[in-house]
Amino acid sequence: MSWETVIGLEVHVQLATASKLFSGAPNTFGAEPNRTASAVELGLPGVLPVLNAEAVRMAVRFGLAVEAEIAERTVFARKNYFYPDLPKGYQISQLDAPIVGRGRLQIVLPDGTTKTVGITRAHLEEDAGKSLHEDYHGMTGIDLNRAGTPLLEIVSEPDLRSAAEAGAYLREIHTLVRWLGISDGNMNEGSLRCDANVSIRPAGSGTLGTRTEIKNVNSFRFLEKAIEFEIARQIELVERGGTVVQETRLYDADRDETRPMRGKEHAEDYRYFPDPDLLPVEVEPATVAALRAELPELPRERRSRFVEALGLPEQDARLLASDRDTADYFEAVAARAGDARLAANWVLGELAAFLNREDLAIADAPLRAETLGDLLLRIRDETISTKIAKTVFEVLVTEGGEPDAVIDARGLRQLSDSGELERLVEEVIAANPAQVEQYRAGKGKVLGFFVGQLMKATGGRANPQQVNTLLREKLDGG
């Protein structure tokens, strides 16, 4: 039988507010255990939550970016469950009136095509603490520093049909929340986590199959591998006559498999009810209008402009617009150099290789965009060759300075004097009669030998175009 996969994702994004969702405790990562948990997160008697207005504004910004409905009135509810990392015995979340309603997000698939994925809702909630198992020899440690951190849970429609599509969707969400400045999206630190709801059904069927939920996947690669395993597991199970059970599963990256965690809960299991300590929140139209006006050019818009206005290939545009800092840096380089394609080649080539080698973000690059633009200008006006430019680049990123100063101090200006080059060409030809005969006998590749000899004689400073032209004239005119 032919099967169709149906996937929906729930993405949990930690918002980059200064303080937590319902208290003034610092919203930071990396503190010693239980140092940033206030009385509110600990659930001590008599404390009351106070909503962080900036978290609401961040949620609205996200909603506007995905063309979603923004609730004029939103309500917080208590989601009741008992677990050691939740001292209150309930989580403050949203159920019936989320801050963000239906929206949509366009994703770019691996083959370059696009797909629009529906977003069901995005709601605010507080994060729970963290259970630590590794270092306690049969016991569990509880770190409540994360408790109360503001989360935006983004729920997609079941529109995804493969692990690759799910990976593309999660990458687009990651790009967008970083682009908007509402989260650092650091998956290693848990700033962005994902639950995947996976089911199968006969191809062509309009009925959804029983789904399983894979919890807390924290990398793009693991998400795709977990979904691929789960699809194969469900198909094998059903084809053997078994039945898929609605349950929550965990992905074990070491074994590359999903394993049962617990039965899947339903909304009624959590006994949701409006939180009596929090008033409904009214989002004024003027606030929404102001936040809409502040939205930056979004990733999809920047990609389109890079292709249509700057003439970049689709792949280059996608890579450059995958991160706002990279896109801004590239545009500054291109503006200075006056050549978008050349700028893209260097930002995605030499600069990206250096940053990867040094494990640096582009925001921490030791080379200003304007300085790289000046270096590219020296290629365009033939002051230096591309090969020499790479040498200058290494000096600039390791020692600093300005391109012209480095070029002059090291005597790297390209040799373009036609008289001098002609003399050198004649000397090289005269010194290599055997290669001359080979060239004139039809072995055109020997031209590369002569170019190499000229470059060696000039320390790589000869203008390559002039060298090729002069060599052909002399050799062909023999």
Side-chain angles (χ1 to χ4, degrees), residues 310 312-313 315-316 319-320 325-425 427-428 431-432 445-472:
L310 300 183
L312 296 186
Q315 177 67 10
D316 287 359
L319 291 171
L320 290 167
D325 287 339
T326 301
D328 290 345
Y329 189 100
F330 156 71
E331 290 216 71
V333 174
R336 189 77 157 217
D339 188 323
R341 289 209 172 205
L342 182 62
N345 289 340
W346 276 78
V347 171
L348 295 174
E350 293 299 313
L351 181 65
F354 169 79
L355 295 175
N356 288 336
R357 188 168 70 241
E358 301 297 322
D359 194 24
L360 292 173
I362 197 164
D364 301 318
L367 187 64
R368 294 185 311 114
E370 291 75 15
T371 303
L372 179 55
D374 287 341
L375 176 62
L376 302 189
L377 279 174
R378 298 289 80 82
I379 298 174
R380 293 193 67 205
D381 65 15
E382 299 186 349
T383 298
I384 56 176
S385 66
T386 298
K387 183 177 180 180
I388 291 176
K390 293 179 180 180
T391 300
V392 177
F393 175 86
E394 288 298 323
V395 175
L396 293 173
V397 295
T398 55
E399 301 176 20
E402 296 297 325
D404 285 341
V406 172
I407 291 167
D408 289 337
R410 303 193 177 213
L412 297 175
R413 286 188 180 272
Q414 191 162 253
L415 180 59
S416 299
D417 181 276
S418 57
E420 177 67 8
L421 285 177
E422 187 171 0
R423 181 184 67 78
L424 291 169
V425 165
E427 288 180 1
V428 168
N432 296 280
K445 290 184 178 180
V446 179
L447 185 69
F449 165 79
F450 289 106
V451 172
Q453 294 299 304
L454 259 297
M455 289 300 176
K456 183 178 179 181
T458 61
R461 295 188 303 115
N463 184 310
Q465 289 181 321
Q466 284 185 266
V467 164
N468 273 274
T469 300
L470 285 169
L471 279 169
R472 290 182 187 278

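Within the structure, every pair that satisfies the side chain to side chain donor-acceptor pair (under 3.5 Å) test and touches residues 329-349, not counting sequence neighbours, is listed here: R302-E331, R305-E331, R336-D374. Pairs of residues two or more places apart, or lying in two chains, that qualify as salt bridge (Lys or Arg N to Asp or Glu O under 4.0 Å) and include a residue from residues 343-355 are E350-K390. Among residue pairs with one or both ends in residues 351-366, those qualifying as salt bridge (Lys or Arg N to Asp or Glu O under 4.0 Å) are R357-E394; sequence neighbours excluded.
Scanning both residues, A334 and A340, for their nearest heavy atoms gives CB-CA, 4.0 Å. In terms of heavy-atom proximity, V406 sits nearest to G400 at CG2-O, 4.4 Å. The minimum heavy-atom distance linking A337 with L376 is given by the pair CB-CB, 3.7 Å. Minimum heavy-atom separation, L360 to P366: CD1-CD, 4.2 Å. Scanning both residues, L412 and I384, for their nearest heavy atoms gives O-CG2, 3.5 Å. Across I379 and A389, no two heavy atoms sit closer than the pair CD1-CB, 3.5 Å.
Note that CZ of F450 is 5.5 Å distant from CG of N432, once rounded to the nearest 0.5 Å.
Remark: R378 engages D381, D404 in a salt bridge (Lys or Arg N to Asp or Glu O under 4.0 Å) (not counting sequence neighbours). For E402, the side-chain hydrogen bond (donor to acceptor under 3.5 Å, both in side chains) criterion is met by no residue, not counting sequence neighbours. Scored by the side-chain hydrogen bond (donor to acceptor under 3.5 Å, both in side chains) test, R380 finds no partners at all (sequence neighbours excluded). With sequence neighbours excluded, the residues that form a salt bridge (Lys or Arg N to Asp or Glu O under 4.0 Å) with E370 are R368. Applying the salt bridge (Lys or Arg N to Asp or Glu O under 4.0 Å) test to D325 and every residue at least two apart in sequence or in another chain returns nothing. Annotation: salt bridge (Lys or Arg N to Asp or Glu O under 4.0 Å) contacts of D316 (sequence neighbours excluded): none. With sequence neighbours left out, D408 forms a side-chain hydrogen bond (donor to acceptor under 3.5 Å, both in side chains) with R413. With sequence neighbours left out, the side-chain hydrogen bond (donor to acceptor under 3.5 Å, both in side chains) criterion links S385 to no other residue.
When side chains are defined from C-beta on, L348 does not count as touching F330, because their heavy atoms never get closer than 4.5 Å. A 4.5 Å side-chain heavy-atom check between R410 and V395 finds at least one atom pair inside the cut-off. Between L342 and V333 the shortest side-chain heavy-atom distance does not fall below 4.5 Å.
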L351 and I362: side chain to side chain contact (heavy atoms under 4.5 Å, CB included), yes or no, with the steps? CA-CA 9 Å; L351 181 65; I362 197 164; 4.0 Å; yes
